[in-house]
Every structure is written in structure tokens, then in C-alpha cells.
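Worksheet: one structure, shown below.
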Amino acid sequence: MTRLPFLFAASSALAILAGAASARDTVTVALQLEPPHLDPTSAAAGAIDQVLYSNVFEGLTRFMGDGSVVPGLAESWEISEDGLTYTFRLQDGVTFHDGTSMDADDVKFSLDRARAEDSTNAQKALFADIASVDVVDPLTVQITLSQPNGNLLFNLAWGDAVIVAPESIDTIKTAPVGTGAFTFTNWVQGDRIDLARNPNYWGETPALSAATFKFISDPTAAFAAMMAEDVDAFSGFPAPENLPQFEADPRFQVLVGSTEGETILSINNKQAPFDNPKVRAAVAHAIDRQAIIDGAMFGYGTPIGSHFAPHNPAYVDLTGTSAHDPEKARALLAEAGLADGFTTTLHLPPPSYARRGGEIIAAQLAEVGITAEIINVEWAQWLETVFRGKNFGLSIVSHTEPMDIGIYARPDYYFQYDNAAFQDLMAELTGTTDPDARTKMLQQAQEIIANDYVNGFLFQLASLSVAKADLQGLWANAPTQATDLTAVSWAK
């Protein structure tokens, strides 16, 4: 009898040790694309936000997994009756990862930097209506607008609007310093980025003590790494044809959700012959969207006829405007004086939807007499040649920024669409707060760019991820391009 307590204690101790040994608080997440650098406020590459959004950098507001906008570094705000003044009360006790305090001066610095004349922010238009940013006291900042903007809180949730430390700007591209739940610790270029739990985080402490983002660009290698359990999750899994195998394997879970990613065949509207609307219309009618979705995405994706997400309440189905009609495409080319066709370039960045979809689109264009010379490029090349240099004919890319139809009001944007009526409509939309009126304007905007055949509108990118069965808290949907680890944990 005297030995029972000892046996009980020994067995309990062994159970505790076994539990401790099996407890997991780290994660390795694979991504297909590696960021070109680590400053989300000075590049268009969504791969930067994929790693850093919410994890390392935070804004005054932030997106949640369901697409809602909630307080971030601003705990609350007040809006003046005329809609021109927003007064933000900041979270108290927030520090940057380098130990310096985050206060109203940092907010002013970040927003003034983003909207400055020489700003390299890829979404500078988000801040166009800000007339001034003023420090009221260390925890209060006031933003004054030049005109009412019903999107301001939404705009401030973008990765392009995160708050950065002035002291770290010189090294932000390689050693980012934010306020988030994780600190940047290491970047082995071509391989991985390592993060660690921020012990001084102002918000709820994350369950994970560390995280690694592993970059695997090849779809075959992605499948092999996941099946071998070399990685715990793959966000944006690049081989949709393999998903049925994961669904049938009890070791894994498959997350299928929606994204804000309008996948388009980008057209350089200022480059001949695409400066002729009939030629752009011919390109649009040469495309068979469903064949692209089936062939490149194995059925995952929703056809779109304009630059707008189908899950948005203001969505209009305009796929019929550019229905697959090769005969009509050939007739339009003849009307444009190009009965014998023409040759152009098709720049394809690394994602599977682009490389696989590009092969299919090139074949479809060839059927109507358009020869598309495929040029495979890495993201850095795409950003330099297509996005900044505008030296392209066609390209394929998924625009993953939320509610970004406003890019069509920027004549200097990479596809160079210049329509004064559309620009006026977007300006009116910005100053409108009535929900019904905004819906009508958004629907009108979709119709304008669809009827102008600005780009070839292909499909809404599905959010496809694979993870180990007991990993919980990952976003199924992608309201912005991010892999938010702040609520991720292992089931006990």
C-alpha cells in the first residue's frame, strides 16, 4: 500500500514529461513566392505582406480573416460630423521591436512618408485625400482630409499603411522592425525567413514561440514537402491537382476559401496595337475562362468579367460582355486592320496560375492570329519590367489587394488606362458615404472597364491551403494577402 502513492506520482511525472515532449509551439509555413525585400510600404509585391502583415507590422486598423476591419494600433477613433477629421486614440504601452516606444509621432512619420511627393509606396493613392496628420499628444493623432473619404479606415488596414519606426528605415528592407506579435530574426535568401515571439507584445501573446516561412516555388517540390511533413502548412498551395490526395489523407486538412485576387490578363493600353479598343476586345473574346480555370487551376476559381470580387455585395456578373467567341475576335482584328494578326509579348511571373494559365492563353490567342511570345520572369524582373517599366504587351497577375478597382483611375498605373469619366466616378465614390449610392457607383465602374476591355478578366483566385490536421487558427479566406499567425496554435 505504501508504494501506491509513489507509483502514482511516478506515472504522473512520466505523463507530464511525455506531454511536454509532444507539446508544439513552433510552425513552418511554406509559401511559393519569396519577398523581394521586407518593406511593405515601398513595393507592390504581395509576398511581403504574406510574411509580415500582422505578424511583424501593424497599422492603425487591420483586416481580420472574415474581411472585417477592426482596431489595430488605434484602440478607438472619432469622426467629425463633416467627415473631414479623424481623431485616433492609440494603444498605450506599444513598443517597436527595437525597444523604442510607438506613439503619435511615429504615426505621423509613417503616414507623411507614405503620402510624400517622393514616396515609393505602391498604393500612394490610398493617402491622396489626407491633407494633414497632426500630433495632439503622444497617444492621440488627428488626420484631416481634403474631402470626405468613406474608405479611410479600410485604407489604413492595408499593408501599405503599417506604422514603421523612423530609426529603422535605413535597414527596413532587410531587417524589418515593427510592433507585431512576432519579431524578425533571420532571412536566408532563397530559403526561409524566421520569426520569434515578441516577449513585449502589447496585445494578446501568440501561442507560437517561433515561426519559419519556407519558400518552395516548384509545385512538384511543394507536394513532396507537404507529403513528407517537412512543412506544417502550405499557404497558397500551388498544385491544386494534388488537393484530392490531401483531402483523402487523415494527416492533413485542406482549406478552400475566397481571396481578393482578381486574376487578369493585363494589357498595356498605351502600346500599339492595344491602344485600339477593338484589339483589346478581340483579345478578351479569344479567351476561354473556364478552360483556363480547369487547365491551370483544376476547377478552382470563379469566372469574372470585370475587376471585382464575386463575393462582394456590389458585384455584377459581366462575363457575358467578353464571352469566348473566336470568330468575333477574328472579325474585330480585321476591323482594326490586323486581319493577319500580330505578335506581342506575354510576361509570366512565377505563380502557377500565371505560368500554367499563360500556356493556355497563348494557345487560345494563336487560334485567332495573335502570337504571344512567352517570357517567364521572376518577381523582381516582373516588378522592374512590367509594373514599373511598363515594357510589356500582355502579362498575367492576380491583384490580391482588397477592393482595388480604383487602380483603373490611375493613368500611370502599369496597364496605363486613361479614362476621365472613370476617374471622375472614382473621385465621386470616394466622397460618398451612402451605401446604396456607393453600390450603384461601384456597379457602374465595373461596367465601364468591362465595356472598355481594359484587361482580359479571367477569374477570382481561390485561397487554397494545406495544413497538418491538428494545426488550427489559419485563415481559410484571404481578405488581404497575409498569413496571419497571431491566432495559430496546435490542438492539444
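None of the values given here were measured: they were computed from a predicted structure.
For Tyr417 and Asp452, the side-chain atoms include at least one donor-acceptor pair closer than 3.5 Å. With hydrogens and angles left out, the side-chain atoms of Gln189 and His37 include no donor and acceptor closer than 3.5 Å. For the residue pair Ser119 / Asn121, no side-chain donor-acceptor distance below 3.5 Å is found, with atom types taken as modelled. In this structure, a donor-acceptor pair under 3.5 Å is present between the side chains of Ser54 and Arg62. Side-chain contact, Glu373 with Thr345: no donor N or O sits under 3.5 Å from an acceptor N or O. Side-chain N/O atoms of Ser489 and Arg24 include no donor and acceptor closer than 3.5 Å. With no hydrogens or angles considered, no side-chain donor-acceptor pair links Asn268 and Arg280 at under 3.5 Å. With hydrogens and angles left out, the side-chain atoms of Gln364 and Asp288 include no donor and acceptor closer than 3.5 Å. Between Asn391 and His347, the side chains place no donor N or O within less than 3.5 Å of an acceptor N or O (distance only, hydrogens not considered). With 3.5 Å as the limit, one finds a donor-acceptor pair spanning the side chains of Ser266 and Tyr414. No donor-acceptor contact under 3.5 angstrom links the side chains of Gln446 and Ser306, judged on distance only. Checking Gln423 against Asn419 by side-chain atom types alone, no donor-acceptor pair falls below 3.5 Å.
The aromatic rings of Phe342 and Phe274 sit perpendicular to each other, their planes meeting at more than 60°, with 30° as the lower class boundary. Aromatic ring pairs are classed by plane angle as parallel below 30°, tilted from 30° to 60° and perpendicular above 60°; the pair Trp382 and Trp379 is perpendicular. Between His399 and Tyr413, the angle of the ring planes lies from 30° to 60°, which puts this pair in the tilted group.
Atom CG of residue Leu474 and atom CD of residue Gln253 lie 7.0 Å apart, to the nearest 0.5 angstrom. In this structure, the separation between CG on Asp424 and CE on Met426 is 10.5 Å, given to the nearest 0.5 Å. Rounding to the nearest 0.5 Å gives a distance of 6.5 Å between CG of Leu145 and CD1 of Ile130. For the atom pair OH of Tyr300 and CG of Asp294, the computed distance is 12.0 Å after rounding to the nearest 0.5 Å. To the nearest 0.5 Å, atom OG1 of residue Thr319 and atom CZ of residue Phe457 are 12.5 Å apart. To the nearest 0.5 angstrom, Glu447 atom CD is 11.5 Å from Leu442 atom CG.
Side-chain contact between Met441 and Thr432 is present, with at least one heavy-atom pair separated by less than 4.5 Å. In this structure the side chain of Val29 never reaches within 4.5 angstrom of the side chain of Lys214, judged on heavy atoms. For the pair Leu111 and Leu156, the minimum side-chain heavy-atom distance is below 4.5 Å. Between Phe57 and Asp49, every side-chain heavy-atom pair lies at or beyond the 4.5 Å cut-off. Taking the side chain as every heavy atom from C-beta outward, His285 and Leu332 approach each other to under 4.5 Å. In this structure, Ser465 and Trp475 have side chains that are not in contact, with every pair of non-hydrogen atoms separated by 4.5 Å or more. Looking only at side-chain heavy atoms (C-beta outward), Phe422 and Ile405 come within less than 4.5 Å of each other. Counting heavy atoms from C-beta on, the side chains of Phe387 and Val397 never come closer than 4.5 Å.
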Evaluate Thr179 against Glu58 for side chain to side chain donor-acceptor pair (under 3.5 Å), listing each step before the verdict.
CA-CA 6 Å; Thr179 59; Glu58 300 173 302; 2.7 Å; yes
ask   = Which is it for Asn455 and Tyr408 under the side chain to side chain contact (heavy atoms under 4.5 Å, CB included) test, yes or no, and what are the steps along the way?
value = CA-CA 10 Å; Asn455 291 309; Tyr408 289 78; 3.0 Å; yes
Test Phe182 against Leu52 for side chain to side chain contact (heavy atoms under 4.5 Å, CB included), laying out the working first.
CA-CA 9 Å; Phe182 296 92; Leu52 302 178; over 6 Å; no
query = What do the steps show when you test Leu458 against Ile287 for side chain to side chain contact (heavy atoms under 4.5 Å, CB included), and what is the final call?
reply = CA-CA 8 Å; Leu458 305 178; Ile287 294 170; 3.8 Å; yes
(Q) side chain to side chain contact (heavy atoms under 4.5 Å, CB included), that's the test. Do Leu195 and Asn55 meet it? Break it down for me. (A) CA-CA 9 Å; Leu195 307 180; Asn55 298 325; 4.1 Å; yes
Mind running salt bridge (Lys or Arg N to Asp or Glu O under 4.0 Å) on Arg438 and Asp436 for me, showing each step along the way? CA-CA 5 Å; Arg438 286 180 61 83; Asp436 291 338; over 6 Å; no
For a side chain to side chain donor-acceptor pair (under 3.5 Å) check, start with the C-alpha distance between Asp129 and Gln147, then their side-chain angles and the critical distance, and finish with the verdict.
CA-CA 6 Å; Asp129 290 329; Gln147 62 179 349; 2.9 Å; yes
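Distance alone, capped at 3.5 Å, places no donor-acceptor pair between the Thr41 side chain and the Asp160 backbone. In this structure, Glu384 contributes its side chain and Gln381 its backbone to no donor-acceptor pair below 3.5 Å. With hydrogens and angles ignored, the 3.5 Å screen pairs no side-chain donor or acceptor of Asn155 with any backbone N or O of Ala157. Under a 3.5 Å cut-off, the side chain of Arg355 and the backbone N or O of Leu348 do form a donor-acceptor pair. Without hydrogens or angle criteria, Asn477 side chain to Pro479 main chain gives no donor-acceptor distance under 3.5 Å. When atom types are taken as modelled, the side chain of Asp484 and the backbone of Ala482 share no donor-acceptor pair closer than 3.5 angstrom. For Glu262 (side chain) and Ser398 (main-chain N/O), no donor-acceptor pair under 3.5 Å exists by modelled atom type. At distances below 3.5 Å, not a single donor-acceptor pair connects side-chain atoms of Arg289 with backbone N or O atoms of Thr302. A donor-acceptor contact shorter than 3.5 Å links the side chain of Lys390 to the backbone of Asp412. A distance-only check finds no donor-acceptor pair linking the side chain of Ser217 to the backbone of Gln32 [under 3.5 Å].
Evaluated for a side chain to side chain contact (heavy atoms under 4.5 Å, CB included) with Ile370, the options Val283, Val279, Leu346 yield exactly one hit, Val283. No option in Phe237, Phe223, Phe246 other than Phe246 meets the ring-ring contact (aromatic ring centres under 6.0 Å, His included) test with Phe252. Each of Thr26, Asp194, Asp191 was evaluated against Thr212; a single residue qualifies, Asp194, per the side-chain hydrogen bond (donor to acceptor under 3.5 Å, both in side chains) test.
Leu485 and Phe213 make their closest contact through CD1-CZ, 3.7 Å (heavy atoms, listed as atom of the first residue, atom of the second, distance).
The environment of Asp434 atom CG is dense: over 12 non-hydrogen atoms of other residues, nucleotides or ligands sit within 6.0 angstrom.
Ion pairing between Glu241 and Arg356 holds under the 4.0 Å rule for side-chain N and carboxylate O. Looking at Arg251 and Asp249, a side-chain N of the basic residue comes within less than 4.0 Å of a carboxylate O on the acidic one, giving a salt bridge. Lys270 has no carboxylate O lying under 4.0 Å from a charged side-chain N of Asp275, or vice versa, which leaves the two without a salt bridge.
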